[in-house]
Chemist: 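The structure's right below; bear with me while I get my questions together.
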Amino acid sequence: MATVKPFRGVRPQKELVERICARPYDVLSSEEARKEAEGNAMSLYHVTRPEINFEPGTSEHDERVYAEATRQYNMFKQAGWLRTDPTPSYYIYAQTWRGKTQHGIVVAASAEDYRNGIILRHELTRRDKEEDRMRHVECCNANLGPAFLAYPDNPQMAAIIARIIQAKPENDFTTSDDIRHQLWVVNDPVAVLEITLRFKSIPHLYIADGHHRTAAAARVAEKRAQENPNHTGDEEYNYFLAVCFPANELTILDYNRIIKDLNGLTKHQFIESLKKDFAVTDMGTNVHKPEQPHEFSLYIDEHWYRLRTKPEHIQEDDPIRSLDVSISSDLILDKILSITNLRDSQRVDFIGGIRGLLDLKHRVDKGEAVCALALYPTTMQQIFRVADTGNIMPPKATWFEPKLRSGVVIHEI
């Protein structure tokens, strides 16, 4: 059963929250962060992407950069831009995007739950990215960006949240990407106990986004436990910042592919090869979006094609083989184009559905790729099924929106 606890959050002054909060460190480049932070000394990018405080081109792994993260974070607190709440609290973090609201509970989640399989993953992590997040957490002694966790729908938890959000939120602001962010502080002892006990009835939490942040937090906890001769398991370093959402409120977008070459095939040969495993329909020049699972859209030579997987290739009883990311990888990228290693291949690139299918068309028309492949979005039920069976999804299978802002609440370890 899931173990969470309230904590004394570090938060921006109310009037500064819009200036401080930033997009997650890993959804933008150094130059994009530099541009977004330009003229704003309070932008959290100065802490989460501290290389922007050096000359352009400075590596984010430069020793000076980690030291700068420490300096900047301490300066934010010394200046009073960030303040620590006096009482251990939970927080309700709501995001409204495209007319839909998701309500997350901000908690200190247990690193031991991650190690013991209570918090389940569905993606592999890279050691170098874990190391980077470990160093950043240790430099600041804080989790500045939360892990994004999901739990199966829970009516009792929904009722608790519904009651809390009747009050006026502590923060209420809309960012430039037209996402509304609201935050409620939950420090009433009865409500805190209710939330803690309700989580204990939830068998598993699932990492939706933030696999590297979660893995890094678990490694920090393990390292500090080894260094502490008086370790008890109750220390703050045993917990990490997470926002937990009910599955039915989450939005998963498609995660699409652009392909750089046809492995020596002509367009006609490629289309003919596809017909062995798919029902192929020429949809003309109008943008065509996949309408159901196991259906794909191909854009090539200024035309869109609908690809419907033939029934013999749909293995619904297999949690991995039934995924559209697996079907497209097995039957198109691997079988026809000989693209076998999606993690390292330079012949394929991945485009989040937030950019839309017109972006795929634009990239192909510009010559960045020879064709584009659009997928139907993965579902939360598929993620749960993969995680519950101990499997790992193929790379680039899920794209969650909206992204959580860093700096709304910070957890110090």
Side-chain angles (χ1 to χ4, degrees), residues 22-33 45 47-51 57-63 65-66 69 109 111 113-117 119-140 142-150 205-224 240-242 252-253 255-258 260 320 323 325-326 328-329 333-334 339-354 375 378 383 386-387 390-400 403-404 406 413:
R23 291 194 286 155
Y25 79 97
D26 55 351
V27 302
L28 75 173
S29 68
S30 295
E31 288 313 303
E32 288 171 328
Y45 290 130
V47 186
T48 60
R49 299 303 300 254
E51 71 272 14
T58 299
S59 169
E60 60 195 85
H61 306 299
D62 190 303
E63 289 298 325
V65 168
Y66 293 107
D113 277 2
Y114 176 70
R115 290 192 293 267
N116 293 342
I119 297 175
L120 294 173
R121 64 177 185 166
H122 67 265
E123 288 182 4
L124 294 175
T125 54
R126 283 175 42 183
R127 194 74 172 179
D128 58 335
K129 289 191 174 184
E130 285 184 30
E131 295 281 355
D132 171 64
R133 281 306 92 189
M134 272 191 73
R135 293 202 61 185
H136 196 275
V137 169
E138 293 206 284
C139 284
C140 297
N143 311 122
L144 283 97
F148 186 151
L149 306 184
L205 297 174
Y206 299 81
I207 304 172
D209 206 357
H211 282 77
H212 289 97
R213 286 186 282 274
T214 305
R219 288 180 60 191
V220 168
E222 189 172 12
K223 178 173 179 285
R224 294 210 171 182
F240 64 95
L241 181 65
I252 308 178
L253 300 184
Y255 212 156
N256 303 313
R257 284 85 168 107
I258 58 172
K260 308 295 180 65
I320 298 298
L323 297 171
V325 288
S326 295
S328 61
S329 293
L333 300 183
D334 186 351
I339 299 173
T340 57
N341 186 347
L342 296 191
R343 292 189 180 277
D344 299 323
S345 176
Q346 300 301 308
R347 298 174 57 209
V348 62
D349 205 354
F350 306 91
I351 311 297
I354 187 66
L375 281 64
T378 304
I383 292 174
V386 168
N391 282 292
I392 296 296
M393 282 190 170
K396 312 297 184 183
T398 58
W399 184 281
F400 285 86
K403 302 295 185 186
L404 304 178
S406 296
I413 64 170

Chemist: One pair to check against salt bridge (charged side-chain N to carboxylate O under 4.0 Å, His left out): K223 and E138. What are the steps and the verdict?
Modeler: CA-CA 10 Å; K223 178 173 179 285; E138 293 206 284; 3.3 Å; yes

Chemist: What is the distance from atom CG of L120 to atom CG of D113, rounded to the nearest 0.5 Å?
Modeler: 10.0 Å

Chemist: Which is it for H61 and D132 under the side-chain contact (heavy atoms from CB on, under 4.5 Å) test, yes or no, and what are the steps along the way?
Modeler: CA-CA 7 Å; H61 306 299; D132 171 64; 3.5 Å; yes

Chemist: With sequence neighbours left out, write down each residue that passes side-chain contact (heavy atoms from CB on, under 4.5 Å) with S30, or none if nothing qualifies.
Modeler: R49, E51, E60

Chemist: Could you tell me whether the side chain of M393 reaches within less than 4.5 Å of the side chain of I383, counting heavy atoms only?
Modeler: yes

Chemist: Are R115 and E222 within salt-bridge range, i.e. N to O under 4.0 Å?
Modeler: no

Chemist: Atom CD1 of I258 and atom CD1 of I351: how far apart are they, to the nearest 0.5 Å?
Modeler: 4.5 Å

Chemist: Which atoms form the tightest heavy-atom contact between A142 and I413, and what is the distance?
Modeler: N-CG1, 4.1 Å

Chemist: State, to 0.1 Å, how close V65 and S59 come at their nearest heavy-atom pair, and which atoms those are.
Modeler: CG2-O, 3.3 Å

Chemist: Would I392 and V386 count as a side-chain contact (heavy atoms from CB on, under 4.5 Å) here? Give the steps.
Modeler: CA-CA 7 Å; I392 296 296; V386 168; 5.7 Å; no

Chemist: From T48 OG1 over to D26 CG, what is the distance, rounded to the nearest 0.5 angstrom?
Modeler: 10.0 Å

Chemist: How about T378 and Y255: do any of their side-chain heavy atoms sit closer than 4.5 Å?
Modeler: no

Chemist: Roughly how far, to the nearest 0.5 Å, is the OG1 atom of T214 from the CG atom of D209?
Modeler: 9.5 Å

Chemist: Before giving the answer on side-chain contact (heavy atoms from CB on, under 4.5 Å), spell out for E123 and I207 the whole-Å C-alpha distance, their side-chain angles and the decisive distance to 0.1 Å.
Modeler: CA-CA 9 Å; E123 288 182 4; I207 304 172; over 6 Å; no

Chemist: Answer yes or no: is there a side-chain heavy-atom contact under 4.5 Å between V325 and L342?
Modeler: no

Chemist: Mind telling me whether H211 and H122 have parallel, tilted or perpendicular rings, with 30° and 60° as the class edges?
Modeler: perpendicular

Chemist: Could you tell me which non-hydrogen atom of A242 sits nearest to which non-hydrogen atom of A109, and how far apart they are?
Modeler: CB-CB, 4.0 Å

Chemist: Can you tell me how far apart NE2 (H212) and CZ (R133) are? Round to the nearest 0.5 Å.
Modeler: 10.5 Å

Chemist: Can you see whether Y25 has R213 sitting over its ring - NZ or CZ less than 6.0 Å from the centre and within 45° of the normal?
Modeler: no

Chemist: Does R121 offer a backbone N or O that forms a donor-acceptor pair with the side chain of Y114 under 3.5 Å?
Modeler: no

Chemist: Does any N or O in the side chain of D334 come within less than 3.5 Å of the main-chain N or O of T340, such that one atom is a donor and the other an acceptor?
Modeler: no

Chemist: Rounded to the nearest 0.5 Å, what's the gap from CE on M134 to SG on C139? Could you check?
Modeler: 11.0 Å

Chemist: Does the cation-pi check pass for K403 over W399, that is, NZ or CZ under 6.0 Å from the six-membered ring centre and within 45° of its axis?
Modeler: yes

Chemist: Report the C-alpha separation of T125 and K129 in whole Å, then their side-chain angles, then the decisive distance to 0.1 Å, and conclude whether the side-chain contact (heavy atoms from CB on, under 4.5 Å) test is met.
Modeler: CA-CA 8 Å; T125 54; K129 289 191 174 184; over 6 Å; no

Chemist: What's the shortest heavy-atom distance between C140 and A69, and which atoms?
Modeler: SG-O, 3.8 Å

Chemist: Show the nearest heavy-atom pair for residues A147 and L404, with the distance to one decimal.
Modeler: O-CD1, 4.3 Å

Chemist: When you compare the side chain of F240 with that of V220, does any pair of heavy atoms fall below 4.5 Å?
Modeler: no

Chemist: So, for L375 and S328, which heavy atoms are closest and what is the spacing to 0.1 Å?
Modeler: CD2-OG, 3.9 Å

